[in-house]
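Quick notes on the structure that follows.
In this text the structure is predicted, and so the values were computed from the model without any measurement. Order of the sequence lines sets the chain letters (A, B, ...), proteins ahead of strands, with each chain counted from 1.
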Amino acid sequence: MADPTNSEIAAAFDELGDLYELDGAIIHRVVAYRNAAKVVRDASVSVAALTRDGRVTELPGIGATLETKLVALVETGDIPQAARLRAKFPAGLLEMTRLPGLGPKRARRLYEELGVDSLQSLETAARQQRIRDLKGFGVRAEENFLAAIARANADAADGKTGGRFVLDRALAIAEPLLELLRAHPTSHRVELAGSARRWADSVKDLDIIATADDPRALAEALTASDLVESIAGVGDAGARVRTHSGMGVDLKVVAPDQFGNLLQHFSGSKEHNMALREAAVKRGLHVSEYGVLDDATGETLRCATEQEVYAELGYAYIEPELRENRGELRAALLDGGSGLPELIREEDVRGDLHSHTTASDGRNEIEEMAEAAQALGYEYLAITDHSASHGFGDEVSAEQLEIQIERIHAANAAFPGIELLAGSEVNIMPDGSLDYPDELLARLDWVIASVHSSFRIDERAMTERVVAAIEHPWVDAIGHLTGRKIEARPPYAIDVERVIEAAARTGTMLEINAAPDRRDLNDVHARAAAQAGVRILVNSDAHRTRTLASSRRYGIATARRAWLTAEQVANTRGWAQFAPLRKRAGTVSPPG
DNA sequence: GCCGTTTTCGGCCCGACTGTTTTCAGTCG
């Protein structure tokens, strides 16, 4: 049997946590499963393989008991306790607990006292007014259940999954709103909070924290924006609105001396804040959005800035991108610790190694892309159109590539300020071969290889396919390794750990594709790759001049979430330093 | 069920909101 993937293991832990919760287990046990699910989901290595090696308890949050369950899952495909509890509680019960406002305690009572075991029977019971007679339930409960079921059905009919927005769409809403609020005469400080501030892949809604002389006036300014479709509430504390694109926006106007506490609290992540607070409690300090309560003095310290919040708790300032409880608290301890990295910034980027032109599916000519790159101050730009098997009418035959090489070299001569690399984004075929002859690949200045077809082959085959490309002497880098499209398409099955090992061994670079719906490598993989010594690239994959600039910040955000410094990203180097890092630079050219 | 610069046992973040309550449990973020 094939090993379960990390996401399958995580799903099994989440399910078991839910089942234990229904079964009435103490909440800390349930939380332990949910925490373990998250650790597994974020792990950069195969948890099944770690389990086989007897090393899985090295992961934080996995102890002896969970190890036993993992062994069962890996060896038999299921966890016995989960099978037992599934027999005890109908599947519909878990579905019921996903309704907002209905949790495990009350779902279980509905099941035991009324026999309600699905959304359908819940709806029926509510309509028949049988729920209101239960102790602790009332008429309102029936109304709320019916409304929640109706909303869930409507969302399902609309094809809404989680209602999450890819970050670029979210920022396209957030940025004009921030501008509007900052320009308002009554406002002083206006900051984006929440997962958008942490540059997460996607966000559910927007949180904005502000201070103002006239809070209500600022709140009303938000509600008056023409982006706003409806107003859920407005007052002295702020406003809650929904935009025409369906994005919820929550503005909180707070006292200036608590701005730091509230911004820190609402920036999250939940995991970061929980770990922060837990550590604080051990020192007699209690952190909330309103301040830091000191047991010793009984005083609550209010902080106007986040820097003060972290300093009060004994930490250096932690950049929002790092606040995921992935070791940042330990690193930020002011007394000792290894220290936080100096994170890469957008302005560190000196070149781009992945771009398209009209030769394949891009919208601009070589010269237009060169001008756009120069405008960004770049020293080099690789033109990497798709290769011979790309299809969709966007393929570039070997003969066409020969012409394209000439055109790029001619353009290079015409643009003395920038190095234009004749490159290609070569398809990695299902068998691991490339779709140009080696002699042609050898004549290029740069080759990035990517998977664009046959996504559904199994993990072993996909891994061997990509490793074969990594071992190819003319492949300088691998593009968008996992093929994911955020909120649209899951990554394909591939053993990233083995890919990283092969890339480190051969000196092949791995790309963080900066397209906002890709960001692939993701943060966890990029961090693991850099730690293994792999050189990382942040590439736009631009298909037009505009995205050469506009995508970059999403790639940099992923690099920062991966704890990367400028040093660890190869294209922060000038051309003279970058050129010899290409794999081909150290390779003897084959004859011919 | 995990974990250890007060612990190998006894802790395990903090507050808001809701609906059903006469002081709180459940749920959520």
Query raised in the report: For the side chain of A:H286, counting heavy atoms from C-beta on, which of B:dT20, B:dC14, B:dC2 is nearest?
Result: B:dC14
Requested in this report: Decide, for B:dT7, between syn and anti: a glycosidic angle within 90° of 0 counts as syn, anything else as anti.
Outcome: syn
Query raised in the report: Looking for any heavy atom pair under 4.0 Å, which part of the strands does A:A36 touch: base, sugar-phosphate only, or nothing?
Result: nothing
What pairs of nitrogen or oxygen atoms, one from the protein and one from nucleotides 22-29 of chain B, lie under 3.5 Å apart?
residue: B:dT27; atom: OP1; partner: A:G103; partner atom: N; Å: 2.7
residue: B:dT27; atom: OP1; partner: A:G103; partner atom: O; Å: 3.1
residue: B:dT27; atom: OP1; partner: A:R106; partner atom: N; Å: 3.2
residue: B:dT27; atom: OP2; partner: A:K105; partner atom: N; Å: 3.3
residue: B:dT27; atom: O5'; partner: A:G103; partner atom: N; Å: 3.4
residue: B:dC28; atom: OP1; partner: A:L99; partner atom: O; Å: 3.4
residue: B:dC28; atom: OP1; partner: A:G101; partner atom: N; Å: 2.9

Report summary line: Rounded to whole Å, CD1 of A:I79 lies from C1' of B:dG1 at a distance of 13 Å
Query raised in the report: So, is A:Y290 near the phosphate of B:dC13, with a side-chain N or O under 4.0 Å from OP1 or OP2?
Result: no
**Report entry** Pair A:S121-A:S118, side-chain donor/acceptor within less than 3.5 Å
**Finding:** yes
Query raised in the report: Using atom C1' of each nucleotide, how far apart are B:dT6 and B:dC12 to the nearest Å?
Result: 16 Å
Query raised in the report: A:R140 has a side chain; which of B:dG15, B:dC2, B:dT20 sits nearest to it?
Result: B:dT20
Query raised in the report: How would you label the contact of A:A64 with the nucleic acid (heavy atoms, under 4.0 Å): base, sugar-phosphate, or nothing?
Result: sugar-phosphate
Report summary line: Separation of B:dG4 atom C1' from A:E278 atom CD, nearest Å, is 12 Å
Requested in this report: To the nearest Å, give me how far apart CG (A:L276) and P (B:dC12) are.
Outcome: 16 Å
Requested in this report: Using distance alone, with no hydrogens and no angle criterion, decide if A:E328 and A:H272 have a side-chain donor and acceptor under 3.5 Å apart.
Outcome: yes
Query raised in the report: Looking at the side chain of A:S288, which of B:dG1, B:dG15, B:dC13 is the nearest nucleotide?
Result: B:dG15
Query raised in the report: Have A:R323 and A:S269 got a donor and an acceptor in their side chains that come within less than 3.5 Å?
Result: no
Query - Rounded P spacing from B:dC9 to B:dT21 in Å - result: 43 Å
Query raised in the report: How long is the line joining CZ of A:R34 and P of B:dC2, in whole Å?
Result: 16 Å
Report task. Looking at every strand, decide which applies to A:V30 at a 4.0 Å heavy-atom threshold: base, sugar-phosphate, or nothing. Result -> nothing
Report summary line: Whole-Å distance, A:R132 CZ to B:dT21 P, equals 13 Å
Query raised in the report: With a 3.5 Å cut-off and no angle check, do the side chains of A:R277 and A:H265 form a donor-acceptor pair?
Result: yes
Report task. Go ahead and name the base partner of B:dT8; Watson-Crick or wobble counts if both distances stay under 3.5 Å, otherwise write none. Result -> none
**Report entry** Short side-chain N/O contact from A:N273 to OP1 or OP2 of B:dC14, under 4.0 Å
**Finding:** no
Query raised in the report: Between atom CD1 in A:I131 and atom P in B:dG19, what is the gap in whole Å?
Result: 15 Å
Report task. Name the nucleic acid region contacted by A:V281, choosing base, sugar-phosphate or nothing; use a 4.0 angstrom heavy-atom cut-off, strictly under. Result -> sugar-phosphate
Query - Lys NZ or Arg CZ of A:R29 over A:Y20 ring: under 6.0 Å, within 45° - result: yes
Query raised in the report: If we take the C1' atom in both B:dG15 and B:dT22, what is their distance in whole Å?
Result: 23 Å
Query - Between P of B:dC2 and CG of A:L16, the distance in whole Å - result: 12 Å
Query raised in the report: Considering only the C1' atoms, how many Å lie between B:dT20 and B:dA25, rounded to the nearest integer?
Result: 9 Å
Requested in this report: Consider only side-chain N and O atoms of A:T305 and A:E308, and report whether a donor and an acceptor are under 3.5 Å apart.
Outcome: yes
Query raised in the report: Say you pick atom P in B:dT8 and the same atom in B:dC14; how far apart are they, in whole Å?
Result: 23 Å
Query raised in the report: So what does A:I27 touch, heavy atoms closer than 4.0 Å: a base, only the sugar-phosphate, or nothing?
Result: nothing
Requested in this report: Determine the interatomic distance between C1' on B:dG19 and the same-named atom on B:dT23; round to the nearest Å.
Outcome: 14 Å
Report task. Taking only the side-chain nitrogens and oxygens of A:K69, find out if one of them lies under 4.0 Å from OP1 or OP2 of B:dG1. Result -> yes
Query raised in the report: For DNA chain B, whose closest nucleotide is more 5', that of A:V139 or that of A:K282?
Result: A:K282
**Report entry** Face-on cation placement of A:K204 at A:F165 ring, 6.0 Å and 45° thresholds
**Finding:** no
**Report entry** Carboxylate-amine/guanidinium proximity below 4.0 Å for A:R55 and A:E58
**Finding:** yes
Report summary line: Whole-Å distance, A:Y33 OH to B:dC12 C1', equals 17 Å
**Report entry** Enclosure of A:K88 NZ (heavy-atom neighbours >12, cutoff 6.0 Å)
**Finding:** yes
Report summary line: Side-chain atoms of A:M274 come closest, of B:dT7, B:dC12, B:dC13, to B:dC13
**Report entry** Gap in Å between the two P atoms, one belonging to B:dG10 and one to B:dA16, rounded
**Finding:** 32 Å
